Amino acid sequence: MNPFTYIREQVIAMVGSLADDGVLPAGLDLSNLAVEAPRDSSHGDVATNAALVLTKQAGMKPRDIAAALAERLAGLGEVAAAEIAGPGFINLRLSAEFWRARLGDVLRSGIAYGDSQMAAGEKINIEYVSANPTGPLHIGHVRGAVYGDALANLLAKVGYTVCKEYYINDAGAQVDVLARSLHLRYREALGEAIGDIPEGLYPGDYLVPAGQAMADRDGDKWLGLAEADWLAEFRRFAVSAMMDLVRGDLASLGIEQQVFFSEDSLHSDGGIDSALAALQKKDLIYTGILEPPKGKTPDDWEPRPQTLFKASQFGDDVDRPLQKSDGSWTYFAADIAYHHNKVERGYRQMVDVWGADHGGYIKRMKAAVRALSDDQANLDVRLCQMVRLLRGGQVVRMSKRAGNFVTLRELVDEVGRDVVRFMMLTRKNDAPLDFDFDVAMEQSKDNPVFYVQYAHARIRSVLRRVAEELPELPREPENLAGADLNRLTDSAEMELIKQLASWPRAVEIAALAREPHRIAFYLNELASAFHALWNKGNAEPQLRFIIVEDRDLTQARLALIQGVAFVLASGLAIMGVEPVEAM
RNA sequence: GCGCCCGUAGCUCAGCUGGAUAGAGCACCGGACUUCUAAUCCGGAUGUCGCAGGUUCGAAUCCUGCCGGGCGCGCCA
């Protein structure tokens with residue numbers, strides 16, 4: 001149960017009953033009525049702005065409404081106290097029994113605690129990574145990969161049926177370059193001395209095994225042929241080899257997408273034609289001449305008639321070209337077809353995760369989706385800002401030219417999957433992030449991964465310990481749910497329970513904002529509250545979890561910490577991080 | 001020139017889609033260990049929320065205009 005949602009329902013019911021009794025007018029708009037946790041916990045457990053929201057509609061003073069409402073709310077079994085504060089807030093203190101019952105919810109649900117029906121039955125498509133298939137993934141791809149994957153988990157947690165997708169940019173000139181680079185490696189594998197890799201081809205050794213594989217499969221059958229005769233096959237082979245690399249890289253981060261969609265297939269299977277035909281039918285395509293961008297005209301600018309999409313009718317600044325001067329389709333045309341395909345597969349909710357340098361592309365893509373779906377489908381584009389690597393306090397410099405880009409694999413091999421994933425989620429996606437190797441490897445509270453993991457490990461440690469000291473004490477979650485939770489009375493224990501109870505709300509808020517980093521912040525706070533209680537036990541031995549001479553108390557406290565472990569694991573699961581048993 | 005993102009404590013950043021006296025961590029000072037893992041915890045102070053208006057019971061949050069920073073701006077993907 002989400003306590004805030006529950007209390008909100010109660011408040012709304014009470015407003016209804018006041019209306020029935022003629023105290024308030026009927027038919028009030030309650031959509032802005034909020035029930036939230038007050039910033040200052042001394043104000044109570046939950047607060048509502050009901051009286052403030054209704055004052056204008058009801059034509060009454062806020063404090064008068066609050067007085068009437070507070071009186072009724074005080075009659076609820078869950079409510080221990082109702083007070084009016086400030087301009088007309090109603091602060092509610094909920095009963096200890098109500099909170100303890102929430103701990104029971106946690107223990108019965110386990111990892112599934114916090115699952116929500118908010119988006120039950122809705123399909124959503126999320127596309128992320130979509131790196132060009134020209135080599136292994138590097139540091140620049142990691143953030144989008146982790147963010148997209150965690151967001152997918154988060155959306156699934158609130159009930160969406162999620163499809164995780166990767167768009168393979170296997171159509172452009174860069175793939176020809178890749179194919180030629182592979183051809184060179186193929187000749188090399190057949191014993192030819194190729195010397196230095198020529199300018200303009202990909203020099204990376206990751207193509208060496210692919211060249212060897214080509215040679216092993218086909219022998220010398222491609223030697224001595226004109227490029228036109230081998231190019232297509234080398235493109236296919238190279239893209240397939242690179243995508244195997246990419247999938248391996250993603251797997252090292254625990255990422256597995258269901259759909260890998262080929263851009264090239266849109267060219268060859270008529271996907272572009274049918275998408276553009278659909279737009280044509282709506283009269284959204286025409287031939288025209290674009291104005292040069294003001295203030296920054298490219299040197300080689302010349303006015304040219306182009307096939308344009310009327311993006312400006314759907315919120316974009318200008319209409320956008322679909323065809324290059326040589327008659328081939330622009331990247332945008334193919335991307336329209338790709339999103340058309342998603343719409344045709346039934347998606348009304350789509351998320352694209354892009355690097356921040358693609359921000360200028362958002363309006364036209366959203367415009368295209370609106371046009372294609374007659375405004376029935378929504379595309380949400382989330383941008384990921386740059387990651388800066390720090391080592392020894394210094395920025396790790398990288399350049400494509402020098403070929404010293406840190407690969408995803410190197411990063412994962414050095415610090416581990418869980419650390420990479422957690423660290424990438426410690427900032428809002430659209431804020432720049434520093435990834436500090438020194439912090440990532442540190443075993444202290446400065447390292448948030450460590451700090452949260454340590455809390456989980458400590459709990460597991462206590463559970464192992466109690467198995468030795470009180471072997472016959474039932475400690476399975478289902479038994480703990482039946483423990484006498486009334487034995488939990490210390491303020492630090494109650495605080496911890498309240499924090500657990502706010503987990504379902506934290507999940508929903510994070511999902512609405514599509515910001516999985518909020519989960520990381522929540523977990524840090526939960527871990528902090530747990531560590532505090534632990535240390536309180538050091539100072540006051542009667543507060544320790546295991547009290548050998550009081551089995552009921554011990555069981556109640558095991559219930560509490562098992563609840564904490566469940567919620568930690570539940571949050572880590574969204575982030576794609578394994579909870580550890582010991583450290 | 002235009003569009004998007006950002007500007008919160010000395011530093012790094014949160015801020016629950018408009019709530020009460022704006023919060024954490026780091027750094028600095030002082031405390032807690034024959035511990036269920038001190039790899040932790042407790043206490044101590046700091047703000048023109050970039051600036052100026054507006055919207056309303058109420059603004060860091062929404063709107064407008066400036067200032068400052070990042071990214072992007074036809075035939076790259």
Side-chain angles (χ1 to χ4, degrees), chain A residues 4 32 34 36-40 43 47 49 52-53 55-56 62 85-89 91 130-132 134 169 171-175 263 289-298 300-304 306 308 316-318 320-321 323-328 330-332 334-335 355-363 383 385-386 426-428 430-432 434 442-448 450-451 453-455 457-459 461-466 469 502 505-506 508-510 512-513 517-518 521-522 524-525 528 531-539 541 544-547 557 561 582-583:
Chain A
F4 300 93
N32 286 329
E36 8 188 54
R39 204 190 294 278
D40 184 344
H43 288 145
N49 61 356
L52 295 164
V53 168
T55 180
K56 196 174 240 176
F89 287 103
N91 293 329
S130 299
N132 295 335
T134 54
N169 300 132
Q174 58 176 357
V175 186
E263 177 191 359
I289 299 174
L290 287 177
E291 302 264 314
K294 292 208 169 54
K296 195 204 164 194
T297 307
D300 57 346
W301 179 273
E302 52 184 88
R304 175 182 293 123
Q306 285 177 297
L308 301 172
D316 200 355
D317 310 304
V318 291
R320 301 291 180 177
Q323 256 179 324
K324 304 180 197 172
S325 54
D326 67 357
S328 62
T330 59
Y331 182 81
F332 181 47
D335 220 354
D357 54 342
H358 289 64
Y361 200 75
I362 295 178
K363 281 187 178 178
L383 298 180
Q385 273 290 352
M386 303 270 291
T426 52
R427 289 278 177 275
K428 208 186 328 185
D430 61 0
D434 285 343
E442 201 169 321
Q443 309 263 300
S444 81
K445 62 170 299 188
D446 295 343
N447 178 344
F450 173 83
Y451 188 71
Q453 291 283 31
Y454 185 40
R458 274 181 151 178
I459 292 169
S461 163
V462 172
L463 292 171
R464 284 191 296 272
R465 179 65 156 254
V466 81
E469 298 200 15
S502 71
R505 183 163 178 270
E508 290 190 350
I509 287 169
L512 278 172
H517 78 279
R518 290 172 192 260
F521 279 89
Y522 173 91
N524 232 308
E525 279 167 22
S528 171
H531 287 310
L533 178 58
W534 179 291
N535 272 79
K536 213 170 166 185
N538 282 346
R544 294 189 184 185
F545 304 121
I546 302 174
I547 307 290
R557 287 179 176 166
I561 64 173
M583 41 202 316

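Lettering follows sequence order; numbering is per chain, from 1. What you see is a predicted model, and the numbers here were worked out from it, not measured in a lab.
- Between the P atom of C5(B) and the NE2 atom of His358(A) lies a distance of 18 Å, rounded to the nearest Å.
- Residue side chain Arg458(A) does not reach the base of C36(B) through any donor-acceptor N/O pair under 3.5 Å, judged by distance alone.
- Contact check, Ser461(A) against U37(B): a side-chain N or O comes under 4.0 Å of OP1 or OP2.
- Judged by the 6.0 Å and 45° rule, Arg320(A) forms no cation-pi pair with Phe332(A).
- Protein atom CD of Glu508(A) is 16 Å distant from nucleotide atom P of C16(B), rounded to whole Å.
- Between Lys536(A) and U40(B), a side-chain N or O to OP1/OP2 separation shorter than 4.0 Å is absent.
- At A77(B), one or more side-chain N or O atoms of Lys324(A) fall inside 4.0 Å of OP1 or OP2 (strictly under the cut-off).
- For Arg427(A), the listed nucleotide lying nearest its side chain is A14(B); candidates were G19(B), A14(B), C26(B).
- The separation between Met386(A) atom CE and C6(B) atom C1' is 15 Å, rounded to whole Å.
- Between Arg518(A) and Tyr522(A), the side chains place no donor N or O within less than 3.5 Å of an acceptor N or O (distance only, hydrogens not considered).
- Spacing between atom NZ of Lys428(A) and atom P of C6(B) amounts to 6 Å, rounded to whole angstrom units.
- For Arg518(A) against C16(B), a side-chain-to-base donor-acceptor contact under 3.5 Å is absent.
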